Amino acid sequence: MGIGLLLLLCLGSALWQLQALPWLSGMLLVAAMALAWLLNERISTRRSLIGLAERLRDERLPKVESAGLVAAVRLDQALNQALQRRRTEVAHARPAPAPALPPLTMVVVLGIGLRLEPGMTYSPHHLVRLDEVVQRAQQWLEHELLIHLEGDGTALLVLRVAARPAVAARLQQALELARSLAADRTLRFGLSCGDAMILPRATAEPLIIGAPLEDAARLARMAVAWHEYQLLCSEPVALLARHAAGQRTELRLTHPGAPPLPVYALDLCAAAVARSA
């Protein structure tokens with residue numbers, strides 16, 4: 001605008017001197033007005049584009065807006081359409097939030113396996129026997145446990161623990177259950193405890209995931225493989241089950257990234273406290 005005003009002042013001075021030629025003064029006035037308008041349009045467009053560039057640097061920019069200039073308004077519309085397409089693409093590409101996982105639950109797990117005669121393999125008959133053992137356990141515990149069956153025929157009886165101080169009482173309960181089943185010398189047991197995740201399912205029993213289940217299954221398989229042991233557990237479980245007699249074995253329970261744990265054999269026929277190092 002400053003340049004246009006300066007031109008108008010110069011033109012006024014020239015027109016004052018050209019009063020004798022009115023037609024020429026009119027043409028000069030029109031030309032000066034057109035020139036001033038063009039200069040103002042160019043300067044305004046430049047300022048609008050500079051302001052637009054500064055606003056585009058702001059990542060929080062919700063929408064681009066310019067007023068007055070037709071070219072700038074059209075540019076704003078095109079940029080706003082591009083921004084909206086980008087937001088839509090980002091929204092579609094953003095992964096859906098993962099469902100919240102249930103909290104960990106303290107459990108005591110009693111693994112049960114069948115020791116077979118040399119050369120024998122698991123058959124439907126053995127699975128029926130194992131199912132009968134599980135039903136007896138459910139009756140003994142009055143349906144307080146969850147059942148998990150491994151593919152190799154190992155049954156895992158899972159007892160929830162309401163609070164950590166009650167772990168020893170739950171372990172004692174699992175030992176009493178094992179003693180009630182120990183008359184069948186073909187049964188072998190593995191005992192463990194720890195945190196597990198219990199995932200409810202609408203059409204089936206809850207899905208239980210966690211290291212205690214893996215440990216109980218491995219310990220039960222060890223007991224099946226070694227005829228002299230009927231119930232095996234790791235050293236921490238043996239210390240918690242201090243009212244059960246037992247002895248330390250040469251076996252080890254290994255975990256990735258952790259030192260191996262000594263394995264203890266607990267006596268299911270006696271309740272006296274006697275453990276050798």
Side-chain angles (χ1 to χ4, degrees), residues 107-123 125-138 140-141 145-159 167 170-194 196 208 210-255 260-277:
V107 296
V108 169
V109 185
L110 180 65
I112 304 177
L114 286 172
R115 179 170 174 79
L116 307 179
E117 296 296 330
M120 294 182 63
T121 58
Y122 277 104
S123 65
H125 171 69
H126 297 109
L127 295 179
V128 170
R129 282 189 57 202
L130 199 58
D131 184 64
E132 292 174 352
V133 172
V134 169
Q135 291 181 13
R136 288 169 55 193
Q138 285 181 310
W140 196 87
L141 288 173
L145 52 79
L146 301 173
I147 311 299
H148 182 86
L149 297 177
E150 295 286 300
D152 63 351
T154 305
L156 301 177
L157 309 183
V158 182
L159 293 83
V167 174
R170 276 298 197 187
L171 284 171
Q172 183 63 29
Q173 194 175 17
L175 282 171
E176 291 173 1
L177 171 58
R179 289 192 182 103
S180 71
L181 302 172
D184 185 349
R185 300 298 297 177
T186 63
L187 294 180
R188 295 292 188 270
F189 305 94
L191 185 61
S192 70
C193 67
I208 312 169
L213 282 79
E214 299 174 6
D215 290 349
R218 292 173 61 192
L219 290 164
R221 295 184 191 115
M222 288 182 188
V224 167
W226 295 80
H227 67 87
E228 61 265 45
Y229 305 128
Q230 194 167 11
L231 187 148
L232 295 176
C233 66
S234 64
E235 186 173 51
V237 175
L239 295 176
L240 287 171
R242 54 187 177 275
H243 297 296
Q247 61 180 350
R248 184 170 177 171
T249 70
E250 298 299 323
L251 304 176
R252 295 290 184 271
L253 187 63
T254 58
H255 294 87
L261 294 174
V263 173
Y264 279 70
L266 300 186
D267 188 356
L268 296 179
C269 300
V273 178
R275 181 177 295 111
S276 61

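Keep in mind that this is a model prediction, so the values were computed, not measured.
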Between D184 and Q230, which heavy-atom pair has the shortest distance, and what is it?
O-NE2, 3.7 Å
Got more than 12 heavy atoms from elsewhere within 6.0 Å of CD, E250?
no
Do the side-chain N and O atoms of R218 and T254 include a donor-acceptor pair separated by under 3.5 angstrom?
yes
Heavy-atom pair with the smallest gap, counting every atom of A155 and V134
CB-CG2, 3.9 Å
Taken to the nearest 0.5 Å, the spacing of L268 CG from F189 CZ works out to 6.5 Å
Tightest non-hydrogen contact, residues V108 and A174, listed as CG1-CB, 4.0 Å
L232 and side-chain contact (heavy atoms from CB on, under 4.5 Å): which single residue from L266, L251, L253 fits?
L251
Ignoring hydrogens, what is the shortest heavy-atom contact between A241 and L175? Give both atom names and the distance.
CB-CD1, 3.8 Å
List the steps, then state whether side chain to side chain contact (heavy atoms under 4.5 Å, CB included) holds for V109 with D215.
CA-CA 9 Å; V109 185; D215 290 349; over 6 Å; no
Those residues at least two apart in sequence (or on a different chain) that pass side-chain contact (heavy atoms from CB on, under 4.5 Å) with A220 are T154
E132 side, atom CD; R136 side, atom CZ - distance, nearest 0.5 Å
8.5 Å
Side-chain touch Q138/I147, heavy atoms, less than 4.5 angstrom
yes
L110 side chain reached by L231 side chain, heavy atoms, under 4.5 Å
yes
Partner set under salt bridge (charged side-chain N to carboxylate O under 4.0 Å, His left out) for R252, not counting sequence neighbours:
none
Heavy-atom side-chain contact between L191 and L171 under 4.5 Å
yes
Is there side-chain contact between L187 and L114, with heavy atoms separated by less than 4.5 Å?
yes
So which heavy atom on A216 is nearest to which on G111, and how close?
CB-N, 4.0 Å
Apply side chain to side chain contact (heavy atoms under 4.5 Å, CB included) to R248 and E235, showing your working.
CA-CA 8 Å; R248 184 170 177 171; E235 186 173 51; 4.2 Å; yes
Can you tell me how far CG of L219 sits from CZ of R188, rounded to the nearest 0.5 angstrom?
14.0 Å
Looking only at non-hydrogen atoms, find the nearest pair between S234 and L261 and report the distance.
CB-CD1, 4.2 Å
Determine, stepwise, if the pair V263 / Y229 fulfils side chain to side chain contact (heavy atoms under 4.5 Å, CB included).
CA-CA 11 Å; V263 173; Y229 305 128; over 6 Å; no
